[in-house]
Amino acid sequence: MMQSFIKSVGLAPLDAYVEPRISIGNAVPDREISTGNFSIQVDAEARALIIKNNKGRVIWKSLHNLPFLSSSLGTDEMTTAPYNDALYKITEHDEHPTRLQTITRIETSLANKNQVRIMGGLGTKIVPPTHLNYEFVLTELSPTQLEFSANILNRDPAMKDYRRLMITFESRKEEDFYGFGEQFYYGSLKGHKVPILVRERGHGRGGPLQATFFSSAASFVEGYFSGDDGYCSSTISVPQYVTTDKRCLFLETSEYTSFNLCEPDRVTIRVENSQVKGRIIDGESMLDLLTEYTSYCGRMKPLPDWINEGVVAGIQGGSNKVREVVRELKRHGVPLAAVWITDWTGQREQQLTKNVTLRRLWWNWEPDAVSYPDWSSLVQELGTDQNIRTLSYITPLLVSKPGARRDLYREAAERQFMVRAPTLGPYVVECGGLQAGMIDLTNPDAWAWFKEVLKEHVWKDGISGMMVDYGEELPYDMRKIMLKDNKPSSTYHNLYPEMWAQLHREVIQELTLPEDDAVIFFRAGFTRSPRHASLFWTGDHNVSWDMSDGLKGALAGMLSGGFSGFTLNHSDVGGYNTIEGQLKGASMQRSRELLYRWMELGAFSAVFRTHEGILPERNAQFYENDDTYAHFGHMARLYVALAPYRKHLMSEAHEKGWPLMRHLVLYYPSDPVAQEVGHQQFLFGAHVMVAPTLSPATTYVKVYFPREGRDVTWRHIWTGKYFEGNGTYKTVDTPLGQPAVFIKEPRQDNGLLNNLVDFANANATYTTTLK
């Protein structure tokens with residue numbers, strides 16, 4: 001406001017009064033130049049750069065008489081929370097932006113007839129000493145992919161510190177934007193600025209804005225650090241989008257980027273680099289765009305059959321407890337694919353308050369001699385005798401554990417295999433109140449060493465996979481750390497999760513274990529993570545119902561990730577974060593109702609996996625009594641009934657890049673209601689509609705049935721009732737254990753849903769209670 005006042009009274013610098021504009025030189029031809037399947041024109045009348053596909057549809061256009069390239073001064077602030085290096089508050093600073101762009105030449109490349117080069121300058125003033133010379137290159141890679149690159153070639157001395165680029169182009173007010181990795185709060189991101197930085201979300205972001213989080217003093221701090229837009233922070237952050245106007249664009253650069261979608265008529269991409277590279281994707285539908293995009297980012301392979309035939313039960317507390325819970329699961333006839341044991345390395349107590357102790361984990365990557373003295377035999381006993389797989393847990397972090405047989409932290413420190421501080425010692429990573437060192441994945445020797453650690457300490461006992469946690473802690477600020485590679489940490493921060501996934505893929509390939517038999521699941525990711533990972537999960541949710549970080553947010557994150565190639569995804573059934581003791585008289589604990597409703601969502605994701613939470617004794621668990629075991633078994637059998645269909649969807653994901661859980665907008669892009677209900681219901685493949693119950697004390701949902709062609713209906717699996725696809729809402733009862741699920745009729749699933757129909761018919765009168 002003060003800057004506007006200063007400008008209004010004529011006291012601002014002279015360049016503030018220069019109106020942004022574009023100038024087209026006389027040597028620039030006013031005609032379309034073809035790359036083969038795309039036409040490119042600097043239109044003198046429209047005073048804009050226009051790109052069309054081979055059918056004449058405009059797929060990219062700059063704004064009338066405004067620069068499509070610009071730059072600015074200023075150093076962004078990347079502030080981390082004092083207790084967590086992965087929680088960032090980002091404040092962008094743009095000072096003295098360039099306001100003028102000239103286009104002096106456009107030509108077909110002599111070396112490549114599929115390439116068009118545009119040259120010109122950027123400046124803050126008309127006078128030459130304030131110019132940057134640029135080159136903007138468009139290269140056809142295929143009939144549906146057009147690569148673009150922007151480079152600052154040289155600078156006038158006065159412009160030597162202009163080292164970022166902004167690209168601005170047209171949008172429509174009605175154009176909705178999806179993707180950007182996992183986004184947990186908004187459906188369409190239109191109207192928001194989306195920062196692209198892999199980081200912790202900030203549990204309970206929004207702090208006191210959400211009544212649920214009055215129970216946590218920490219939530220206010222984490223809400224503050226959760227992001228510039230307030231809710232767009234994510235551990236899977238990708239510079240890519242897909243829109244309802246059948247447009248897709250992504251960047252190949254890794255530095256911090258933001259997509260400003262706040263103004264209704266434009267998009268501005270801001271990149272912390274003077275070189276930018278990316279692609280514009282063309283397609284006939286949003287699904288076509290996903291197929292094209294995933295040809296670049298990679299397509300996830302189908303999971304092994306064994307995990308499709310039962311649930312993954314999260315259990316911690318030692319060998320005896322694991323055996324006891326497994327016995328009860330078998331006694332109750334629960335289809336069990338695997339047990340997931342996070343605390344195989346031992347529990348590390350962290351005193352939260354006088355009366356509350358968190359049970360964290362020791363990051364030393366060997367079986368704990370007290371809790372799991374018979375770890376190897378336990379894994380073999382479960383696998384060989386009972387056909388139950390074991391999944392464990394790993395991070396790129398290291399600590400020295402008292403009494404450990406091998407001190408991996410000391411080894412890595414002595415050999416300089418960890419990220420180093422400027423003092424040359426290991427950089428101390430803050431992880432929610434705990435401290436650790438972090439493997440330097442830019443060091444080839446450290447890479448090879450940690451692969452051997454994984455083989456010798458983690459895989460050798462016969463496990464079938466693991467949760468691969470963290471990956472977002474590498475400091476962005478290059479002044480804080482030193483890497484083996486001389487590139488700045490700002491280049492590697494977003495790439496670290498990709499490298500972390502690649503390392504694990506290499507380990508599996510080098511083991512005798514068949515590659516397609518292992519399941520490793522990640523929470524952190526960047527653009528090309530899907531080509532290395534077999535599965536993702538949506539990270540640490542609160543044991544709550546809300547959109548900001550609870551059950552609703554888990555659904556939103558899985559649907560959003562599907563637009564960015566994260567096709568096989570799931571969440572911790574029941575959530576993870578429990579708040580107890582931080583604020584006198586307040587708490588947030590998992591109720592049995594929340595656990596049961598989260599199970600209903602879990603049954604319609606890639607993997608059904610439970611989590612005890614960070615305070616198991618304060619949360620409802622599936623192993624509490626006969627009733628909870630029985631209901632868990634019911635929901636597990638629902639998941640198994642979907643196995644043939646889910647296996648088909650996984651093949652589709654690998655062949656086409658389509659997610660298992662699909663936002664309605666992928667099939668109904670012109671339906672405004674379908675765009676709005678994206679966090680309330682979804683399609684599981686093309687033939688199943690799911691409307692989970694996402695609020696407490698609720699026994700029904702309102703389901704929207706998009707308008708379809710003639711004779712298309714949706715059959716409710718529990719009652720057999722048909723609902724016409726006519727663009728209306730209908731109220732559907734959802735007693736516990738009977739989520740609102742519908743099969744599209746006439747059926748075109750080739751019988752893959754027969755097991756689901758049979759299960760629903762056999763359980764049409766199923767009931768349970770919360771007592």
Side-chain angles (χ1 to χ4, degrees), residues 78 80-81 84-90 179-186 189 194-206 222-223 225-240 254 256-258 297 300 393-397 429-432 438 441 466-476 492-502 504 520-530 532-533 535-542 548-550 553-572 575-577 609 611 614:
M78 299 279 188
T80 57
N84 193 329
D85 274 342
L87 275 174
Y88 282 86
K89 175 70 176 179
I90 304 171
F180 303 107
E182 284 182 347
Q183 295 295 326
F184 293 86
Y185 197 83
Y186 303 114
L189 277 298
V194 186
I196 304 300
L197 188 75
V198 177
R199 52 181 165 159
E200 284 263 25
R201 298 196 300 273
H203 312 306
R205 52 192 152 178
E222 293 198 359
F225 280 96
S226 68
D228 340 85
D229 187 76
Y231 295 93
C232 289
S233 52
S234 178
T235 53
I236 296 180
S237 195
V238 179
Q240 169 268 353
S254 64
Y256 170 71
T257 301
S258 65
C297 76
M300 301 179 69
Y393 176 92
I394 196 78
T395 77
L397 305 174
V429 179
E430 296 288 343
C431 300
M438 187 176 192
L441 296 183
M466 66 194 77
M467 171 185 276
V468 184
D469 206 355
Y470 291 94
E472 61 275 358
E473 290 75 23
L474 186 72
Y476 187 87
Y492 276 113
H493 176 89
N494 284 335
L495 290 177
Y496 195 96
E498 285 186 10
M499 301 168 72
W500 183 221
Q502 181 184 347
H504 285 274
I520 50 176
F521 47 105
F522 301 79
R523 79 166 178 181
F526 192 55
T527 307
R528 305 190 88 174
S529 292
H532 303 298
L535 179 66
F536 289 89
W537 98 100
T538 54
D540 298 342
H541 291 279
N542 292 322
S548 59
D549 222 6
L555 173 57
M558 288 186 281
L559 295 180
S560 174
F563 288 100
S564 297
F566 296 81
T567 53
L568 274 61
N569 209 341
H570 73 302
S571 64
D572 293 329
Y576 172 74
N577 293 301
R609 178 184 55 81
H611 201 314
I614 198 167

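What you are looking at is a predicted structure, and each value in this text was computed from that prediction instead of being measured.
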Exercise. Anything under 30° is parallel, anything over 60° is perpendicular, the rest tilted; go ahead and classify Phe536 against Phe566.
Key: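 Ring orientation, 0 to 90° scale: perpendicular.
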Rounded to the nearest 0.5 Å, how far apart are [atom1] of [X] and [atom2] of [Y]?
X	Y	atom1	atom2	value
Trp500	Leu474	CH2	CG	13.0 Å
Asp549	Tyr185	CG	OH	11.5 Å
Met467	Arg609	CE	CZ	4.0 Å
Gln183	Ser233	CD	OG	8.0 Å
Glu182	Phe563	CD	CZ	13.0 Å

Practice problem: Report the C-alpha separation of Tyr256 and Met78 in whole Å, then their side-chain angles, then the decisive distance to 0.1 Å, and conclude whether the side-chain contact (heavy atoms from CB on, under 4.5 Å) test is met. | Solution: CA-CA 10 Å; Tyr256 170 71; Met78 299 279 188; 3.5 Å; yes
Self-check item: Stepwise side-chain contact (heavy atoms from CB on, under 4.5 Å) check, Ile236 with Ser529
Solution: CA-CA 9 Å; Ile236 296 180; Ser529 292; over 6 Å; no
Can you confirm whether [X] sits close enough to [Y] that some side-chain heavy atom of one is under 4.5 Å from a side-chain heavy atom of the other?
X	Y	answer
Glu473	Thr395	no
Leu441	Pro396	no
Pro475	His493	no
Leu397	Cys431	yes
Arg199	Tyr476	no

Quiz item: When you check the side-chain N and O atoms of Thr235 and Glu472, is any donor under 3.5 Å from an acceptor?
Solution: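 Looking only at side-chain atoms, Glu472 and Thr235 do not form any donor-acceptor pair under 3.5 Å.
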Got a donor-acceptor contact below 3.5 angstrom from the [X] side chain to the [Y] backbone?
X	Y	answer
Ser560	Gly179	yes
Asn577	Asp540	yes
Glu498	His532	no
Asp85	Glu430	yes

Shortest non-hydrogen separation from [X] to [Y] and the atoms involved:
X	Y	answer
Leu535	Met300	N-CE, 3.5 Å
Ile196	Val238	CD1-O, 3.4 Å
Pro497	Gly471	CG-O, 3.5 Å
Ser237	Leu197	OG-N, 3.2 Å
Ile90	Pro195	CD1-CB, 4.3 Å
Arg201	Ser234	CG-CA, 4.0 Å

Exercise. May I have the step-by-step check of ring pair (Phe, Tyr, Trp, His ring centres under 6.0 Å) for His570 and Phe521, ending in yes or no?
Key: CA-CA 9 Å; His570 73 302; Phe521 47 105; 5.5 Å; yes
Quiz item: Between Tyr470 and Arg523, is there a cation-pi geometry (under 6.0 Å to ring centre, at most 45° from the normal)?
Solution: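 Positive - Arg523 is close enough to the ring of Tyr470 and near enough to its axis.
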Exercise. Test His611 against every option in Trp537, Tyr576, Tyr393 by the ring pair (Phe, Tyr, Trp, His ring centres under 6.0 Å) rule and name the one that passes.
Key: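 Of Trp537, Tyr576, Tyr393, ring pair (Phe, Tyr, Trp, His ring centres under 6.0 Å) with His611 is met by Tyr576 alone.
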Quiz prompt | Chi angles and distances behind the ring pair (Phe, Tyr, Trp, His ring centres under 6.0 Å) call for His541, Phe184 | solution = CA-CA 10 Å; His541 291 279; Phe184 293 86; 5.7 Å; yes
